[in-house]
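Ligands are counted one by one from 1 in listed order, and the atoms in each one are counted from 1 as well. Model, not experiment: these values are computed from the prediction.
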Amino acid sequence: MALDIFQFPCLEDNYGVLVHDPVSGRTASIDAPEAAAVLAALKERGWKLTDIFTTHHHVDHVQGNLEVKAATGCTITGPAGEADKIPGIDRTVREGDTIDFAGHPVNIIETPGHTLGHIAYHFPKDEVAFVGDTLFALGCGRVFEGTLEQMWRSVEKIGALPAETKLYVGHEYTQSNWRFATAVDPTNPALAARGEMIASLRADGKPTVPTNVAIERATNPYLRAATAELRSSMGLPNGTPAEVFAAIRTAKDNFKG
Ligand SMILES: [Zn+2]
C-alpha cells in the first residue's frame with residue numbers, strides 16, 4: 001500500500017516531512033528541524049512517530065531529535081559517517097545498506113560534500129527519495145565539508161535515480177535558485193517555463209517541492225554540468241562535468257541575485 005507523505009514548513013525555510021505506512025502505522029520523520037513543528041504535524045495527522053531518519057548533522061536538521069524522541073520513544077537512524085554529531089542516534093547506516101520500513105525497502109545513499117557523512121534515503125518501490133541538503137529544486141547544497149569533486153559525484157548519484165523518482169529536499173530555496181540558474185543557463189526553455197510556475201506557487205504561499213529527477217535533470221544547472229550549454233556558459237568548452245560543476249557551484253557562492 002502506498003505511503004502517506006506529509007510535508008510542512010518550519011524554522012525560516014526548512015521543510016519537515018513525515019512518512020507514514022497506513023497498514024502498520026509506522027511513521028518516520030525525515031530529520032527533526034524543530035521539535036514543536038514535528039509534534040504538531042504528528043498531532044494534526046493523528047500519527048504516532050516510530051522513527052527519525054537523519055540526513056546530516058546540521059543543527060537545523062537535528063535540533064529536535066532529543067525532544068521528539070523523549071515525547072514519542074522513536075528510534076533515530078542516521079549516517080555512520082557523522083554518528084558522533086547526531087543527538088540520540090540509535091542506529092547507524094552507510095552506503096549500500098537497505099533498511100526495512102514496514103515492508104518498504106529503503107536504500108541508503110552516501111552523498112558527501114555538504115557534510116562528509118550526509119546520506120539520502122531512497123524508497124525504490126515507492127519511487128521517492130529524501131535527499132536533505134544535497135540536492136534542492138534547481139540547486140544543490142553548499143559544500144561545507146567535502147570537496148567540489150565529491151559533491152559532484154553525490155549530485156550525480158541523485159540525478160541517476162529513475163526519472164520518475166519524487167525528491168523531497170531540506171529547504172525552500174527554489175526562487176533564488178531559479179534566478180541563478182537563469183543567469184548560467186539563459187537559453188533553456190524548460191527553465192523559463194519552470195520560473196513561471198515557481199513564481200505563481202510562491203505568490204500563493206505554496207511550496208515548490210517535492211520535485212522529481214526528470215524535472216531536475218532538465219532544469220537544474222548542477223545536473224546539466226555535462227551539457228554543451230553549461231560548458232559554454234561557464235567558459236569551459238572542454239571541461240569535464242566535475243570541472244563545470246565546480247565552476248557553477250563557485251559562481252553561485254559569489255552570486256548576488
Ligand atoms: Zn545542512
Listed protein N/O/S atoms, distance to the Zn ion (ligand 1) under 2.8 Å: H56 NE2, H58 ND1, H114 NE2, D133 OD2
Parallel, tilted or perpendicular, as decided by the 30° and 60° cut-offs, for the rings of H104 and F101: tilted
Short side-chain to backbone donor-acceptor contact, E196 and A193, under 3.5 Å: no
Aromatic plane relationship, F130 with F123 - under 30° parallel, 30 to 60° tilted, over 60° perpendicular: perpendicular
Residues that R202 engages under salt bridge (charged side-chain N to carboxylate O under 4.0 Å, His left out), provided they are two or more places apart: E172
Residue list, side-chain hydrogen bond (donor to acceptor under 3.5 Å, both in side chains) with R224, at least two apart or on another chain: D185
Qualifying residues under side-chain contact (heavy atoms from CB on, under 4.5 Å), relative to S200, sequence neighbours excluded: none
